[in-house]
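We're numbering straight along the sequence, starting at 1.
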Amino acid sequence: MTTEHTPPASSPAIEPGGTSDVVPFRQAVRTWFAISLQTFGGPAGQIAVMQRTLVEERRWIGQQRFNHALSYCMLLPGPEAQQLAIYVGWLLNGTRGGLVAGTLFVLPGVLALLALSAIYVGWGTTTLVTGVFAGLAPAVLAIVAQAVIRVGRRSLTHPVLIVLAVASFAALAVFGVPFPVVIAVAALAGWLLARVRPHIFTAKKGHGGDGGPAPLISDDALHHEPPSWRRAFKVLAIGLAAWGIPLAIVAAATGTGSVFTTQGLYFSGAALVTFGGAYAVLAYVAQSAVHTYGWLNPGEMVRGLALAETTPGPLIMVVQFVAFVGAYRDPGDLNPWAAALLGALLTTWVTFVPCFVFIFLGAPSVERLRGNKSISAALTGITAAVVGVIANLALYFALHTLFRTTDDHDWGPVHLEVPDLSTWRPTALVITLAALIMIFRLRWSVLRTLGACAALGLVSTFVW
């Protein structure tokens, strides 16, 4: 693939608070749109796509800068991959860059899931849709496996960091340690290691030493808008207004007891506690949506997750499906289809607006902290843990792609999810192996691999 790299010498000067674009804005928009069409596979696959496109191919940002931004986003509630897109978009093109990057990151998924939700509600599962999904899920598994290798290869630059990544994986997959605890311990470990073994965190200058041209935003350069109380108040005021005004309008028009107001308030609160990504919050959402509000049944929650996993964008998009189905079945005075659309769009809005607020509010301060060795070491520890987190997601996805059922087993502190070997899916295994060959052997692009696997899934549905 031809890279669109501009030598740093010809790039615009980057001054604190300046408005110069690091890359031409139209070129950035086209790139973010292309990325948005490849954001399958949950956070692991999404981070891998941005890593490949922004760090390796276009050389717009250095590896350490990318890791630093990712570590900060992992600390926030909400989808870390979308927040990473907002952060990098802000670095490249300021506020408008962050808005475009974050919006395009979720837009294809919003449209795709709206269409699939409508198909599900109106016509149920069809042979065509089932076949496509049967091929996409194994392809996503291969993409996630690639993500683990890519991110790990570039982030785990010392044996101690490898140990930290493995420990994080074991804590999540074997001992069931809560995600926030894993991240907190990783940050503390990074800070302590920096004090006793500072050479571990001595960064190599440049962009990673892979022989390619230097990135436009190098690992050492500072590109930031200076933080201030005035700026923070402005961002917070605009963000709260954008978040709350649509909800207030819906509540005034449909009543405070309507399903739309209930969904808007509930998912507004959920947006503030979704630490650890979509999987970490799914139990919380499922419990409320199924048992408390009765918007859908347990089987439909699982099918909604399957839809979200096979569409581009963050997996937390499953809340859009939940709201669509719930509003369709309790439309009030509205047409059911209009109600479903209103519920889905309002839920999507209150879920993702906070992501922009968190980044625009905190990114300038985080940029200034890059020179703080203790904080940088803590974030490096988090980055190592992220590799373990992605590997755990890959394991979860493999279990639920290759087997129909799994069983939970507890032995003291050990908690394992073990597949029922009698429920293995031979078709999924064959397509997964084919996808691995496409990704690692043939080096096909993500979109090409997804298309080929979707075709294989469709053929398998009619053949077997």
Side-chain angles (χ1 to χ4, degrees), residues 12-26 28-29 32 36 60-61 65-66 68-107 110 217 221-252 264-265 267-275 314 316 345-372 375 379:
I14 303 173
E15 299 292 340
T19 57
S20 296
D21 291 329
V22 178
V23 297
F25 184 65
R26 290 186 178 181
V29 171
W32 287 116
S36 74
W60 284 353
I61 183 171
R65 296 299 296 277
F66 185 85
H68 182 85
L70 175 59
S71 297
Y72 169 62
C73 294
M74 290 294 294
L75 296 174
L76 300 173
E80 62 270 19
Q82 191 225 7
Q83 291 165 339
L84 178 61
I86 298 171
Y87 195 122
V88 177
W90 172 77
L91 283 175
L92 294 170
N93 298 97
T95 300
R96 65 174 182 169
L99 290 171
V100 167
T103 301
L104 287 179
F105 193 87
V106 300
L107 186 59
V110 169
I217 301 179
L222 282 177
H223 171 65
H224 66 275
E225 184 177 353
S228 68
W229 286 108
R230 180 179 179 182
R231 181 189 181 280
F233 178 80
K234 180 180 178 181
V235 169
L236 197 57
I238 294 175
L240 289 176
W243 195 6
I245 288 177
L247 180 57
I249 292 174
V250 169
L265 290 174
F267 287 113
S268 291
L272 299 177
V273 298
T274 52
F275 294 94
I316 196 63
L345 293 180
L346 179 63
T347 293
T348 301
W349 182 264
V350 300
T351 297
F352 289 107
V353 165
C355 298
F356 294 91
V357 178
F358 293 145
I359 297 301
F360 292 144
L361 194 62
S365 297
V366 172
E367 282 294 295
R368 291 179 68 88
L369 292 174
R370 289 185 63 249
N372 186 302
I375 293 178
L379 291 177

How about [X] and [Y]: do any of their side-chain heavy atoms sit closer than 4.5 Å?
X      : Y      : answer
Trp243 : Leu247 : no
Leu361 : Leu236 : yes
Arg65  : Leu91  : yes
Val29  : Leu104 : yes
Cys73  : Ile359 : yes
Phe352 : Thr103 : no

Side chains of Glu367 and Tyr72 only: does a donor on one sit below 3.5 Å from an acceptor on the other?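 Their side chains do not contain a donor-acceptor pair, so the 3.5 Å distance test is not met.
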Closest non-hydrogen atom pair, [X] against [Y]:
X      : Y      : result
Gln82  : Gly102 : NE2-O, 3.2 Å
Ala242 : Pro246 : O-CD, 3.2 Å
Gln83  : Pro77  : NE2-O, 2.8 Å
Ile316 : Pro79  : CG2-CG, 4.2 Å
Ala69  : Leu84  : CB-CD1, 3.7 Å
Trp60  : Ala28  : CH2-CA, 4.1 Å

Should the pair Phe356 and Phe360 be assigned to parallel (<30°), tilted (30 to 60°) or perpendicular (>60°) ring geometry?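 Tilted, since the angle between the ring planes falls between 30° and 60°.
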Could you tell me whether Trp349 atom CH2 has more than 12 heavy atoms of other residues or ligands within 6.0 Å of it? no
Nearest 0.5 Å, what's the CZ-CD1 distance between Phe233 and Ile238? 10.0 Å
If you measure from CH2 on Trp32 to CD1 on Ile86, what distance do you get to the nearest 0.5 Å? 9.5 Å
So, Arg26 and Asp21, do they make that salt bridge, N to O below 4.0 Å? no
Ignoring hydrogens and angles, tell me if any N or O in the side chain of Asn93 forms a donor-acceptor pair with the backbone of Pro24 under 3.5 Å. no
